[in-house]
Amino acid sequence: MSGRNGQAGARPGHVPLVELERATFAYGRTPVVVDVELALEPTDFVGIVGPSGSGKTTLLKAILGSVAAVCGSITRAPGLRIGYVPQVASVSWSFPVTVEQVVLMARQGRLLPWASAAERRDVAGLLDRLGIEDLARRHIRDLSGGQQQRVFLARALLNGPDLLLLDEPTSGVDFRTRHEILHLLAGLHQEGTAVVLTTHDLNGMAAHLPDLICLNRTILARGRPGDVLTPPILERTFGAPMDVLDHMGVPLVVDPGARRTTAPRGGSA
Amino acid sequence: MSVATFLLAADLLEPFRYAFVRNGMIVAVLAGGLCGLLGVYVILKSMSYIGHGLSHAIFGGAALGAVAGINYFVAAGAWGLASALAIGRVTRRRIIGADAAIGVITTASFALGIALKNRLPQSGKSTDALLFGSILGVSPTDVLVVVGACVLVATAVFLRYRALLFTTFDPEVAQASGVSTWQAETLLMVLLAAAILACMNVLGVTLIAATLVIPAVVARMLTSSFSTMLLLSTLIGAVAGGVGMYVSYFADVSSGATIVLVGTAAFLVTYAATGRRHRRRPGPVEPAPLVLVDDRPRPAAP
């Protein structure tokens, strides 16, 4: 997989899944993400990194289509199917729905409230594949963070999307679950689904992705972690000086200020 | 059957000898079930204040209609529908003070209704019946209207079940998935207006919000499945309506009050019985701390 540098429409006659040209997105009159040039290809597996308030979620929602461009353009490939996994914190966990009821929300074509035999098979197959088949009738709150993440991943996957968007898929989960989610997404990517996710976790998540977008109100850089997780780009993105160490070929970002406070976790590099 | 049992049964069934009581019972059961069903959406979308306001707005429409000599259902219906759509519009814009705007629109309408009723005490239905509900206020036409409202709401909820569920749970993702959330939300407001209009005679303006909320809250404590909650809430509402109306006859108390009190009793019993189980439930997941220095063994980059 090659790193990309954010130039749209590189090859003539080729249609990307989603293409943003000089696109600006706003809530009310406040522009949140400005002047974005971005092309997403079927082979992409991209992480969007940036500080809080940098517009990561907005950019994801813009790709999804729930936030409209106030200027510039956004073009989606005809018939494009997008699966969206919302941030765990945005879900109303006290809502009375079971795991299978959430997953079935993705199917809206049928008039009858209950699932058809084919729908039940599809839902069961997907839950089985994600390893949560025995949780189908559980309430969504009675699950661990990783299981909750899989429920919404199952809903996003039910209609076989070409592009999967995930907002902070590893926030609020432990190390092992983060590892499992990363592998799950890598597997989906290898089967041909384009994956775009946001993350604030530079070392645990972003450094392991093949392709990164550094965002702070606009796209500052795009490329492989080794190419964009560099002190100058990180400082422009996060507004604070950061050191980058090499850890067995994987960049390791160190915040000189935060390092002291996390020092008792054990020696590194 | 012994004589004592026969006398007891005759006494307890005595109210049903009167046609107005039978009408009142039918309407109370149907109205209770109807409000129970819609109440699920009302509490899950945090719309109980809207239900409360809507019934007050409809009261103003009813009073205006009485003054102008227009049929109650036509006048209150048109007014209620207009208020419902206005409220829907205000709340969708998600601007600060949406609840205040609802308060102004609906209480102004209510105040207008009270003023008109005070000046023209003979016009239309009695103020007491409209405010607190009355078994005496139920005519055969009312029965037909409530039956009609039940058929309308049940059909709409059945056929739009999936869109309504997705919109209620997660409007943003629903819209991005191709669901017309505007349509679903407008449908809910129209159904709510229709239900309030049809049930107002029995339940009363001031108490209808409680009949929307209580059965759904009780059902929520008993189940975590959406479809089960819809059925349970409808059932609880219908039973509370029937029992409340029956008690209203014997206690000589406004039917709206007894129906709400029966529902409240059901709520207290359920709360006491399930409280411990609910308190033990795990809360939402805590976000993991941001770790900038991380020395775990890593997999090879994919």
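Computed from heavy atoms alone, side chains included, the values below leave out hydrogens, waters and symmetry copies. First the proteins, then the strands, lettered A, B, ... as listed; each starts at 1. Please read all numbers here as calculations on a predicted model, not as lab measurements.
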Would you mind reporting whether [Y] and [X] have side-chain heavy atoms less than 4.5 Å apart?
X	Y	result
A/Arg155	B/Phe166	yes
B/Leu165	A/Gln108	no
A/Pro96	B/Thr223	no

Measure up the B/Phe169 and A/Phe152 rings against each other and bin them: parallel (under 30°), tilted (30 to 60°), perpendicular (over 60°).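 Answer is parallel, since the angle falls under 30°.
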Which word best sums up how the rings of B/Phe226 and A/Phe95 line up, parallel for under 30°, tilted for 30 to 60°, or perpendicular for over 60°?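 Answer is parallel, since the angle falls under 30°.
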Working to the nearest 0.5 Å, report the span between CZ of A/Arg110 and CZ of B/Arg162.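 So the CZ of A/Arg110 and the CZ of B/Arg162 are separated by 6.0 Å.
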Check: B/Ser225/A/Gln101 side-chain N/O donor and acceptor closer than 3.5 Å: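 Their side chains do contain a donor-acceptor pair, which is all the 3.5 Å distance test asks for.
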So A/Met105 and B/Val179, side chain to side chain contact (heavy atoms under 4.5 Å, CB included) or not? Walk me through it. CA-CA 10 Å; A/Met105 282 180 196; B/Val179 177; over 6 Å; no
Please classify the contact of B/Thr228 with chain A as side chain, backbone, both or neither, using a heavy-atom distance under 4.5 Å.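 Nothing of B/Thr228, per the 4.5 Å heavy-atom cut-off to chain A.
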Quick one: which residues of residues 231-242 of chain B reach chain A at under 4.5 angstrom, heavy atoms only?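 Near chain A, by residue number: none.
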Determine all donor-acceptor pairs shorter than 3.5 Å in which one atom belongs to a side chain in residues 28-46 of chain B; sequence neighbours excluded.
from    : atom 1 : to       : atom 2 : distance (Å)
B/Lys45 : NZ     : B/Glu185 : OE2    : 3.2

Given a strict heavy-atom distance threshold of 4.5 Å, which part of A/Pro86 is in contact with chain B: side chain, backbone, both, or neither?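 For A/Pro86, the side chain is the part near chain B, not the backbone.
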With respect to chain B, which residue among A/Leu64, A/Ile140, A/Leu112, A/Asn159 yields the maximal number of heavy-atom pairs within a distance under 4.5 Å?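 Going by pairs under 4.5 Å, I would pick A/Leu112.
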